[in-house]
Amino acid sequence: MIYIFLLTLLASLIVILGLLFRIYGIKKQLSYIEHVLDDIISNNPNHRLLVHANDETAEICYKINRIGTAFQEEKTRMLQMEETTQQLMTNLAHDIRTPLTTLIGYLDCIHRGGVTDDAKSEYFERALDKAQNMKNYIDKIFEWFRLCAGEDKYTVEPQDFTELTRVAIKKWITVFEINNIDYDIVLPDELIVVMLDPVGYQMIVDNLIQNVVCHSMASKIEICAQKNNNEVTLTIRDNGIGISQEDVKHIFERLYKCDKGRKGTGNGLGLNITQKLVELMKGKISVDSVYGQYTSFVLSFLVTEIDGRELGDITDSKN
């Protein structure tokens, strides 16, 4: 009996010592966690908890590290947004001042009677052109801010890709002719259903074509849409001055402007907005260019399988 009692007592002591050692280990780990958290709060947000996979606090440490990483990424994003905002405001003040001064000059000259009746029409057209350029510039800035803030509520639904593309391109025909740009447009003669937002898709096409008209110095533009298995692509290619390989690497970055050889002035937001809109609709966009020869932008979207009722809704909306 005494032997059994001693064995039981010894086993109990071993268990108690094991528990005490385990409690001591957990307390030590909690003290370490508290120390690291204090360091993160005070001056070192990049500090992360080092832990063994079999530690009692391992799962907690992993979650704290994930929170710290997410916080740091969000902080970096906010700092980049603040820097971008400041740069945008600086650019806005600089880029708006000159056309605004010119616009005021035209209108003031007309108001004071400083031009003949024959010249008034030309002055009004120039003033209107300056005003429209400023409006487009400000619209892009507002759209970029709304996209970054997630405030734009785009409705991505099954749409007839062919018809949307035809409508988006149609209004540019007159612009091509005015600017002496030859055009070759090839669209499929079939219903291709893609998940798109009509307004957002129109903006994508507008930005890409406007980039050709305003900056490429092209004499010809080719627009081709084609379906390949479960994917549809839209290629917009011009024979203009092209984009250098260094610029191609950064073409979709916000506020990035290409080399000075390209015609016109931009705010560096159009292609960044385009990329954000394409990604919002689960699509892809790429660019290929050879300086002095051509530039080609390619959009790609997945074709959507729909039932008969939805197909009827789409085809009925065209009539």
Side-chain angles (χ1 to χ4, degrees), residues 125-126 128-130 132-133 136-137 139-140 160-190 192 194 196 198 200-228 231-253 256-275 277-278 281 283-301:
E125 286 185 10
R126 291 181 182 179
L128 181 62
D129 183 62
K130 296 294 181 183
Q132 188 62 50
N133 287 340
N136 292 339
Y137 183 69
D139 283 347
K140 275 192 169 58
D160 183 347
F161 177 83
T162 305
E163 179 64 12
L164 276 185
T165 304
R166 185 189 68 79
V167 172
I169 296 172
K170 183 179 179 181
K171 70 176 186 179
W172 284 99
I173 301 299
T174 302
V175 178
F176 296 153
E177 293 173 350
I178 291 174
N179 288 273
N180 296 316
I181 298 176
D182 291 335
Y183 54 91
D184 185 10
I185 301 170
V186 179
L187 300 179
D189 187 20
E190 63 177 306
I192 302 174
V194 176
L196 296 173
Y201 182 68
Q202 176 76 63
M203 192 179 302
I204 290 169
V205 176
D206 284 349
N207 284 346
L208 293 177
I209 295 180
Q210 186 179 49
N211 192 61
V212 175
V213 174
C214 296
H215 305 296
S216 72
M217 294 189 280
S219 61
K220 183 174 182 179
I221 182 170
E222 299 174 1
I223 302 174
C224 176
Q226 59 183 2
K227 180 184 175 184
N228 183 17
E231 185 178 70
V232 63
T233 61
L234 178 69
T235 302
I236 299 178
R237 178 186 173 105
D238 67 74
N239 66 345
I241 193 172
I243 306 170
S244 70
Q245 291 305 303
E246 182 59 33
D247 284 329
V248 166
K249 298 176 186 177
H250 308 283
I251 196 71
F252 295 113
E253 295 177 7
Y256 189 82
K257 300 181 182 180
C258 288
D259 62 86
K260 303 299 187 250
R262 293 172 68 81
K263 183 180 70 173
T265 58
N267 53 25
L269 290 177
L271 290 178
N272 186 254
I273 290 172
T274 299
Q275 184 186 49
L277 287 171
V278 171
M281 300 176 209
K284 298 178 182 178
I285 183 170
S286 61
V287 59
D288 176 41
S289 185
V290 173
Y291 191 75
Q293 296 185 30
Y294 71 89
T295 298
S296 177
F297 284 92
V298 179
L299 300 171
S300 62
F301 298 95

Can you tell me how far the [atom1] atom of [X] sits from the [atom2] atom of [Y], to the nearest 0.5 Å?
{"X": "D182", "Y": "E222", "atom1": "CG", "atom2": "CD", "result": "10.5 Å"}
{"X": "D184", "Y": "I223", "atom1": "CG", "atom2": "CD1", "result": "9.0 Å"}
{"X": "H250", "Y": "S244", "atom1": "NE2", "atom2": "OG", "result": "9.0 Å"}
{"X": "D238", "Y": "I209", "atom1": "CG", "atom2": "CD1", "result": "11.0 Å"}
{"X": "N272", "Y": "N207", "atom1": "CG", "atom2": "CG", "result": "10.5 Å"}
{"X": "I251", "Y": "S286", "atom1": "CD1", "atom2": "OG", "result": "12.5 Å"}

Spell out, as yes or no, whether a donor-acceptor pair under 3.5 Å connects the side chain of S296 to the backbone of D288.
->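 Pair absent, no side-chain N/O of S296 close to backbone of D288.
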
Keeping the roles fixed (side chain from S289, backbone from I243), state whether a donor-acceptor pair exists under 3.5 Å.
-> yes

Determine whether [X] and [Y] make a side-chain contact, defined as any pair of heavy atoms from C-beta on separated by less than 4.5 Å.
{"X": "I185", "Y": "I173", "value": "yes"}
{"X": "L234", "Y": "V205", "value": "yes"}
{"X": "I204", "Y": "V278", "value": "yes"}
{"X": "F252", "Y": "I285", "value": "yes"}
{"X": "I181", "Y": "V213", "value": "yes"}
{"X": "V186", "Y": "Q226", "value": "no"}

What class does the angle between the rings of Y201 and F161 fall in, given that below 30° is parallel, 30 to 60° is tilted and above 60° is perpendicular?
-> tilted

Relative to each other, are the rings of F176 and Y183 parallel, tilted or perpendicular (30° and 60° limits)?
-> tilted

Determine the minimum heavy-atom distance between [X] and [Y], stating which atoms define it.
{"X": "A218", "Y": "V212", "result": "CB-CG1, 4.2 Å"}
{"X": "D206", "Y": "A168", "result": "OD1-O, 4.2 Å"}
{"X": "G242", "Y": "T295", "result": "CA-OG1, 3.3 Å"}
{"X": "M203", "Y": "I273", "result": "SD-CG2, 4.2 Å"}
{"X": "T162", "Y": "E190", "result": "OG1-O, 2.9 Å"}

Of all residues at least two apart in sequence or in a different chain, which pass the salt bridge (charged side-chain N to carboxylate O under 4.0 Å, His left out) check with K284?
-> none

Are N211 and F297 close enough, and set up right, to give a side chain to side chain contact (heavy atoms under 4.5 Å, CB included), and what steps lead you there?
-> CA-CA 11 Å; N211 192 61; F297 284 92; 3.9 Å; yes

By side chain to side chain donor-acceptor pair (under 3.5 Å), which residues pair with N239, not counting sequence neighbours?
->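 S219.
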
